[in-house]
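Every chain is numbered from 1 and lettered A, B, ... according to where its sequence line falls, protein lines coming before strand lines.
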Amino acid sequence: MELITYLSRVDLFKGLSEEELQQLNHITPLEVRPRGTVIASPYMEHKVLYIIKSGSVRLYKVTEDGKELTLDILGTGHLFGEITSFRSGVPLFAVTMEDSVICEMDSGQFRKAITEKPELALKYIEIVTARLQETEDMLEYMAYGSVRKRLLYLFNKLASKLNPSASNEEWIPISVQITHQELASMTGSIRETVTPILNQLAEEGILRREGARKPYSIHRSRLQAALSESK
DNA sequence: CCATTAACGACTA
DNA sequence: TAGTCGTTAATGG
């Protein structure tokens, strides 16, 4: 389980030398996208692959009655696109949660990169597999677990995704602002249920706020202990 | 245990 | 000002 969450944050191009990265100059020029920029939507012609060079991105879809369902939040080094998250025909949105730099590749560029560096294909499969494992884990909590457990799992996932470098610290900050609404949306719940659970987790010393309306931090060991309990 | 409904003050586009 | 956010409480499955 720990290995899986580690794999999920492996950068596709990690392990390649600088020269090799230089050769992969098919990557489109980079520019900073301000917070709130919609990177992809059903109304846009989207690329096959997006790579987050820095910042964070929220993936969500919109139901018929206009409600947003947040599927995932990704951080630096993560990728998303047609094959990982964008199934054909399903309207999906991607929006930056902070100022971010995003690489875009079309199918030709991606194909060419893989042809030149076949290891990329293997890494790509690892990443997609880890993503699938995550959704299966959450599905299990949806079926048999409490909302509390779903939130614990979600916080654990977000912490390792958004702040992999601080994994040896006890308190790991989740460096984006997330509303109760979004937490509820990602755990198949509602904000009225999420609020008391969050307050309880804070009392238990598992969760902490940096400031008034600032990002959360989680206590890694306490969280994992709580996750293996039966509640 | 948890969704639903209602309601309220505080905050924000 | 209208809409969103966090919170509490009553109710019912």
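- Annotation: side chain to side chain contact (heavy atoms under 4.5 Å, CB included) contacts of Ser100(A) (sequence neighbours excluded): Thr96(A), Glu98(A), Ile102(A).
- Here dT12(B) presents its P atom at 12 Å from CZ of Arg35(A), a figure rounded to the nearest Å.
- To the nearest 0.5 Å, atoms CZ (Phe110(A)) and CG (Leu120(A)) are separated by 7.5 Å.
- When side chains are defined from C-beta on, Val176(A) does not count as touching Pro215(A), because their heavy atoms never get closer than 4.5 Å.
- There is no side-chain donor-acceptor pair under 3.5 Å between Asn199(A) and Glu203(A).
- Taking the side chain as every heavy atom from C-beta outward, Ile73(A) and Met97(A) approach each other to under 4.5 Å.
- Nucleotides of DNA chain C with any atom under 4.0 Å from a heavy atom of chain A span, from 5' to 3', dC5(C) to dT8(C).
- Within 4.0 Å (heavy atoms only), Thr179(A) reaches sugar-phosphate atoms of the nucleic acid but no base atom.
- Legend: residues meeting side chain to side chain contact (heavy atoms under 4.5 Å, CB included) with Ser185(A), ordered by chain and number and at least two apart, are Leu69(A), Thr70(A).
- Annotation: salt bridge (charged side-chain N to carboxylate O under 4.0 Å, His left out) contacts of Glu170(A) (sequence neighbours excluded): Arg220(A).
- Rounding to whole angstrom units, CZ of residue Arg191(A) and C1' of dA10(B) are separated by 13 Å.
- A search for ring pair (Phe, Tyr, Trp, His ring centres under 6.0 Å) contacts involving His180(A) returns nothing, not counting sequence neighbours.
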Between N or O atoms, less than 3.5 Å apart, protein on one side and nucleotides 1-5 of chain B on the other: list the pairs.
from: dC2(B); atom 1: OP1; to: Val147(A); atom 2: N; distance (Å): 2.5
from: dA3(B); atom 1: OP2; to: Ser189(A); atom 2: OG; distance (Å): 3.2
from: dA3(B); atom 1: OP2; to: Thr193(A); atom 2: OG1; distance (Å): 2.7
from: dT5(B); atom 1: O4; to: Glu192(A); atom 2: OE2; distance (Å): 3.3

